[in-house]
Amino acid sequence: MSNQTTINLEINGQAHTLAVEPRVTLLDALRDHLELTGTKKGCDQGQCGACTVHVDGERVLSCLTLAVQVEGRAVTTIEGLSDPGAELHPVQSAFLEHDAFQCGYCTPGQIMSAVSCIREGHAGSDDEIREYMSGNLCRCGAYPHIVEAVREAAKVMS
Ligand code: FES
Ligand code: FES
């Protein structure tokens, strides 16, 4: 039996109206209903960080956020971090430059987290970057390069 509710979401500056069941997570709304597949599902229980997006400018795990909870709030995904055709965001450029990914699956979450980590003022040292990026797992072991990329992007963004 369908129990759908209509929600209005603002994703990457665009308004979307969706009819979804209240149990649908923001992660699944993005991936399955809006075809924004940049946000990844590594665990679906808040343990890997692959699903990290921004809600009202703050990093959140979209697998633990219901789509209905973000009604009327501004959501940014990896696809909206830089405008189409525009220059990459400094964190995206730094990840490329410093080879901060291999398979790329954790990367959207890493990048969204890194942008927040820098904005929060938690990129003051390599140790601090490691600590405040520790919610994002990388099975390819790109951590040393991720730290380098965040350190360099923080300089550009300051
Ligand atoms: S998919 Fe959300 S934390 Fe792993
Ligand atoms: S680049 Fe493969 S999991 Fe991080």
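Computation of the quantities below employed the complete heavy-atom set of this structure, encompassing side-chain atoms and omitting hydrogens, waters and symmetry-equivalent molecules. When a ligand or atom number is given, it counts from 1 through the structure's own listing order.
Listed by chain and residue number, D28, D44 satisfy the salt bridge (charged side-chain N to carboxylate O under 4.0 Å, His left out) test with K41 (two or more places apart in sequence, or in another chain). Scored by the salt bridge (charged side-chain N to carboxylate O under 4.0 Å, His left out) test, D32 finds no partners at all (sequence neighbours excluded). E120 pairs by the salt bridge (charged side-chain N to carboxylate O under 4.0 Å, His left out) definition with R59, not counting sequence neighbours.
For the atom pair NE2 (H33) and CG (L36), the distance works out to 12.5 Å, reported to the nearest 0.5 Å. Taking CD of Q69 as the reference point, atom CD1 of I7 lies at 10.5 Å (rounded to 0.5 Å). Rounding to the nearest 0.5 angstrom, the gap separating the NZ atom in K40 from the OG1 atom in T107 is 9.5 Å.
Every atom of ligand 1 with a heavy atom of D44 under 4.0 Å away is listed here by number and element: 1 (S), 4 (Fe). Close approach of ligand 1 to G46 (heavy-atom distance below 4.0 Å) involves ligand atoms 3 (S). Less than 4.0 angstrom separates some heavy atom of C48 from each of these atoms of ligand 1: 1 (S), 3 (S), 4 (Fe). Of all atoms in ligand 1, numbered sequentially from 1 with element shown, those under 4.0 Å from a heavy atom of G42 are 1 (S).
Coordination check, C51 versus atom 4 (Fe) of ligand 1: failed, since every N/O/S atom of the residue sits at 2.8 Å or beyond.
A donor atom on one side chain and an acceptor atom on the other are found under 3.5 Å apart for H98 and E148.
Only the backbone of Q47 comes within 4.0 Å of ligand 1, counting heavy atoms alone; no side-chain atom from C-beta on gets that close. Neither the backbone nor the side chain of L64 has any atom closer than 4.0 Å to an atom of ligand 1 (non-hydrogen atoms only).
The two residues T25 and C63 have their closest heavy-atom pair at CG2-O, 3.5 Å.
Heavy-atom contacts from other residues, nucleotides or ligands closer than 6.0 Å to CZ of R139 number 12 or fewer.
With atom 4 (Fe) of ligand 1 as the reference point, the heavy atom nearest to it among G49, C43, G109 is part of C43.
Shown are the protein N/O/S atoms under 2.8 Å from atom 4 (Fe) of ligand 2, given by residue and atom: C106 SG, C138 SG.
Residues L137 and Y143 are in side-chain contact: their nearest non-hydrogen atoms beyond the backbone lie under 4.5 Å apart.
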